[in-house]
Amino acid sequence: IPRRKIMDIVRDKQYDCFISHFSGDKPFARRLAQDLEMRGLYDWVDENVIDIGDSLSDKIQDGLGNSYSFAIILSDESISRPWVKEELRAASQYRTKA
């Protein structure tokens, strides 16, 4: 059975998925983002959205607020990294408000 693409006519949010990851897992994050994009989904990945001089916290909050879902790439290294923990904390707090 061929898959049908679901179209969100209202499309309230800019991204389908916010992808949280540790920089050491960047190759996997890029591959995940590419796979999602090939399926017509829009993803939030730090390197595509954050520019030099931007406030990381503001960009993360904006990305979470404009995403339908949150994906976190967990590895032995990532679970101890401060920014991954911050993104997970922010996502869990944001989702309880929504």
Side-chain angles (χ1 to χ4, degrees):
I1 301 173
R3 289 184 150 188
R4 286 188 255 167
K5 188 174 181 179
I6 298 173
M7 185 174 179
D8 182 358
I9 297 170
V10 177
R11 188 122 190 118
D12 293 330
K13 300 186 180 196
Q14 185 175 1
Y15 306 104
D16 293 298
C17 186
F18 180 105
I19 300 174
S20 174
H21 65 285
F22 154 62
S23 61
D25 296 327
K26 181 73 71 184
F28 183 85
R30 286 179 179 145
R31 177 60 194 259
L32 175 60
Q34 181 182 31
D35 288 348
L36 292 173
E37 289 167 8
M38 285 176 30
R39 286 160 179 78
L41 299 174
Y42 300 100
D43 53 76
W44 186 102
V45 180
D46 59 353
E47 66 184 16
N48 297 336
V49 181
I50 299 175
D51 293 320
I52 294 173
D54 286 344
S55 165
L56 297 177
S57 296
D58 288 349
K59 286 290 191 169
I60 290 168
Q61 289 298 325
D62 183 59
L64 289 169
N66 284 304
S67 297
Y68 286 105
S69 62
F70 174 80
I72 184 168
I73 298 171
L74 293 177
S75 66
D76 292 336
E77 285 283 326
S78 72
I79 58 175
S80 64
R81 299 301 173 152
W83 277 108
V84 172
K85 288 179 182 180
E86 175 62 22
E87 289 173 355
L88 181 58
R89 184 200 58 74
S92 65
Q93 287 183 348
Y94 183 83
R95 295 299 174 205
T96 57
K97 293 178 189 175

Closest approach of [X] and [Y], non-hydrogen atoms and distance?
| X | Y | answer |
| --- | --- | --- |
| N66 | K13 | O-CB, 3.4 Å |
| F70 | L88 | CE2-CD1, 3.8 Å |
| L64 | A90 | CD1-CB, 3.5 Å |

Result of checking L32, L74, V45 against H21 for side-chain contact (heavy atoms from CB on, under 4.5 Å): V45

Test of ring centre spacing under 6.0 Å for Y42 and Y15: no

Main-chain N/O of I73 paired with S78 side-chain donor or acceptor, under 3.5 Å: yes

Partner set under salt bridge (Lys or Arg N to Asp or Glu O under 4.0 Å) for D16, not counting sequence neighbours: R11

Pairing residues for E77 by the salt bridge (Lys or Arg N to Asp or Glu O under 4.0 Å) criterion, not counting sequence neighbours: R81

R31 atom CZ, neighbour heavy-atom count above 12 within 6.0 Å: no

Check: R30/Q34 side-chain N/O donor and acceptor closer than 3.5 Å: no

Roughly how far, to the nearest 0.5 Å, is the [atom2] atom of [Y] from the [atom1] atom of [X]?
| X | Y | atom1 | atom2 | answer |
| --- | --- | --- | --- | --- |
| I60 | W44 | CD1 | CH2 | 5.5 Å |
| L56 | Q61 | CG | CD | 12.0 Å |
| C17 | Y68 | SG | OH | 13.0 Å |
| D46 | N48 | CG | CG | 8.0 Å |
| D54 | K59 | CG | NZ | 4.5 Å |

Test log, rule side-chain contact (heavy atoms from CB on, under 4.5 Å), inputs D62 and V49: CA-CA 10 Å; D62 183 59; V49 181; 5.9 Å; no

